[in-house]
Amino acid sequence: VDLSVSWLGVNMENPLYNASGVMCRSREELDAVAASAAGAVVTKSCTLSPREGNPEPRYARAPHGSINSMGLPNAGYEYYLDYAKNYDHASGKPLFVSVSGMTLEENLTMLKAFRDADLPCLVELNLSCPNLPGKAQIGYDFAASSHVLSEVVKVYDKPFGVKLPPYFDPVHFAEMASVLNSFPSLKYVTCINSVGNGLVIDIDSESVVIKPKAGLGGLGGDYVLPTALANVREFSRLLDGKHVIGCGGIKSGREAFMHILAGATAVQVGTCLYEEGAGCFARIRDELAAIMEEKGYRTLADFRGKLLTM
Ligand SMILES: O=C(O)c1[nH]c(=O)[nH]c(=O)c1I
């Protein structure tokens, strides 16, 4: 079976890579993902200046996944620009850079710098960080999203993508798809970011499990799989000529198969990568290959987007 996927001018031997935020803040972590069976690498969302992030504990494993309120800790965009300049693009593993400025001006400054560096990496503009106290997610404000993207495409003329929050209403799917469809250079969306502001409670300690925001944090893992699949399928259906990258609840070949069946071009692994380590990429790849073998599919295109309805 052939697990490769070519899209946006990049070729991936394996459709699996890390979700931004997991195993991608330092060059050592990024190198570990690049050295693994992952088919690509994406950096931790960056801001203009380095950030410490929220007080710890800010990540916790939960019975069916994870909760995090990291607070956008990162080394600052110049660190990731430098990593991208030194990245071995000939390695065949595309590098994606996640950008998540605290303001529109920050985003424009960072995007101009990445534009001027003229690197083969692709930008994933994060419109969906749920963990900045007092800051609403851009992705939940359709007018704000349209304004940000209008300003972005004025300075950043290369293909790029956006990381979207989960949506939960057909009207919202349609509204956001309409905004995104008006930007031809926006070539992909990554669905989904964590399901924002959940609350995990430990009944033994009768306490929340993370410190920031009185315990509120973004959910990942099994908790979010059905929501992730719905967002992948809906945006695959509603977007014109754009790719959808699946993220949310992938921990085996089974969920990877589901995401691709729902329309995903490639898939990102977050919670499972955090808990298992970079070995998960080879394991999930092999499990996906076994499922394809069993079903008689030779390539991802044989079943991509072919989810049956009743
Ligand atoms: O708290 C974070 O750093 C974070 N955590 C998430 O779950 N999604 C995001 O986009 C971000 I920027």
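As the structure lists them, so they are numbered: ligands from 1, and atoms in each ligand from 1.
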Side chain to side chain donor-acceptor pair (under 3.5 Å) partners of residues 209-235, not counting sequence neighbours, each pair once: Asn197-Lys213, Asp222-Lys251, Glu234-Arg237
So is Lys44 polar-close to ligand 1, meaning N/O to N/O under 3.5 Å? yes
Heavy-atom proximity to atom 9 (C) of ligand 1, picking from Thr47, Leu127, Ile192, Asn193, points to Asn193
Compute the minimum heavy-atom distance from Gly71 to ligand 1 and say whether it is under 4.0 Å. yes
Could you tell me if any non-hydrogen atom of Gly218 lies under 4.0 Å from any atom of ligand 1? no
Could you report the tightest heavy-atom contact between Gln137 and Cys129, atom names first, then the distance? CG-O, 3.3 Å
Top protein contact for atom 12 (I) of ligand 1, by heavy-atom distance: Cys129 SG, 3.1 Å
Tell me whether the count of non-hydrogen atoms from other residues, nucleotides or ligands lying under 6.0 Å of NZ in Lys295 goes above 12. no
Has the side chain of Ser145 got a donor or acceptor atom that lies under 3.5 Å from a matching backbone atom of Ile138? yes
Measure from atom 2 (C) of ligand 1 to every heavy atom in Ile67, Val195, Leu72 and give the option owning the shortest one. Leu72
For residues 6-36, which residue pairs pass the ring-ring contact (aromatic ring centres under 6.0 Å, His included) check, not counting sequence neighbours? Trp7-Phe96, Trp7-Tyr188, Trp7-His243, Tyr17-Phe96
Atom 4 (C) of ligand 1: which of Asn54, Leu132, Thr271, Asn131 has the nearest heavy atom? Asn131
How many angstroms lie between atom CG of Leu108 and atom OG1 of Thr103, to the nearest 0.5 angstrom? 8.0 Å
